[in-house]
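Sequence lines set the chain letters: A, B, ... in the order given, protein chains first and strands last, and positions in each chain run from 1.
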Amino acid sequence: MILRREFYARPTLDVARDLIGKVVVHDGAAGRTSGVIVETEAYIGEGDPACHAAPGPTPRNEPLYGPPGYAYVYFNYGMHHLFNAVTEPAGSPAAVLIRALAPLDGLDVMRRRRVRGTGRRAGDLDEAAVCRGPGNLTRALAIGASQNRTDLTHGPLVIEDRGFDLGQIAWSPRIGIRVGTDRAWRVYVPGHPAVSGPPALRR
DNA sequence: CGTTCGATGCACT
DNA sequence: GTGCATCGAACGT
């Protein structure tokens, strides 16, 4: 069942928590690729120094100010696309960053995309590492700039509820930011092999 | 296990 | 020109 817009039109911390166990599905020319969400982070409002809305509205962050249930995809570090789901009613700039997935459909396709351009071989890549990390999962699912601003409530890129229950969750400070580290707005499945970050933050 | 560092493009000051 | 919501290789412990 595809998540409805009402799912996203809620407090961002609730959405970040409830997205754990949901499934990101991307149907493309190479077929279906998908994975179960095991790690997310919340970015909330102009008062959150780590949120892209912190400087106020700009051309890049405009999707954050729009209606919930849309994708916010941006390019970072000159080589990675990062995938967010916009949350809260229009006018409240906030989103949930998808940080890691447990692979479901299209594992071979995702493996090949992950090693393309590198000297590594697809067979050397552990299944749990295929969608571990926000830059890795967008490469595996072929999520890029053309998915920015797309509607997540109908294909080809959607998030579904398939009834998975991953058990206990844990909260920690967000990873990879230099400001706003005081907020424990990262959610993850403790001990899951597909969760990213240093070992201490995976338990 | 940990830290450091280069790759690489663009939004923003 | 500066600074990234990153990744993986290389190296030290």
In whole angstrom, what separates A/His80's NE2 from B/dG6's P?
16 Å
Check this for me: does any side-chain nitrogen of one of A/Arg99 and A/Glu41 sit under 4.0 Å from a carboxylate oxygen of the other?
yes
When rounded to the nearest Å, what value does the distance between P atoms of C/dA10 and B/dT8 take?
15 Å
Sugar-phosphate, base or nothing in reach of A/Pro59, heavy atoms under 4.0 Å
sugar-phosphate
May I ask you to evaluate whether A/Arg114 reaches the phosphate of C/dG8, defined as a side-chain N or O under 4.0 Å from OP1 or OP2?
yes
What's touching nucleotides 1-5 of chain C from the protein side, N or O pairs under 3.5 Å?
{"from": "C/dC4", "atom 1": "O2", "to": "A/Asn76", "atom 2": "OD1", "distance (Å)": "3.2"}
{"from": "C/dA5", "atom 1": "OP1", "to": "A/His52", "atom 2": "NE2", "distance (Å)": "3.1"}
{"from": "C/dA5", "atom 1": "N9", "to": "A/Tyr74", "atom 2": "OH", "distance (Å)": "3.2"}
{"from": "C/dA5", "atom 1": "N7", "to": "A/Ala50", "atom 2": "O", "distance (Å)": "3.2"}
{"from": "C/dA5", "atom 1": "N7", "to": "A/His52", "atom 2": "NE2", "distance (Å)": "3.2"}
{"from": "C/dA5", "atom 1": "N1", "to": "A/Asn84", "atom 2": "OD1", "distance (Å)": "2.3"}
{"from": "C/dA5", "atom 1": "N1", "to": "A/Asn84", "atom 2": "ND2", "distance (Å)": "3.3"}

Check the pair A/Asp105 / A/Arg162 against salt bridge (charged side-chain N to carboxylate O under 4.0 Å, His left out), numbers first and verdict last.
CA-CA 13 Å; A/Asp105 303 296; A/Arg162 296 194 191 170; 3.7 Å; yes
Rounded distance (Å) that lies between atom P of C/dG8 and atom CZ of A/Arg116:
15 Å
Which nucleotide in the set C/dG8, C/dC7, B/dC12 lies at the smallest distance from any side-chain heavy atom of A/Arg120?
C/dG8
When you measure from the centre of the six-membered ring of A/Tyr188, is the NZ or CZ of A/Arg202 closer than 6.0 Å and no more than 45° off the axis?
no
I want to check one thing: is the phosphate of C/dT6, taken as OP1 and OP2, less than 4.0 Å away from some side-chain N or O of A/Arg139?
no
Inter-residue atom distance A/Arg183.CZ - A/Leu13.CG, 0.5 Å rounding:
10.5 Å
Taking the six-membered ring of A/Phe7, is NZ or CZ of A/Arg10 closer than 6.0 Å to its centre and within 45° of its axis?
yes
Strand partner of B/dT8, provided both Watson-Crick or wobble distances fall under 3.5 Å:
none
Side-chain heavy atoms of A/Ile2 within contact of A/Ile159, under 4.5 Å
no
Distance in angstrom units between A/Asn136 CG and C/dA9 P, rounded:
11 Å
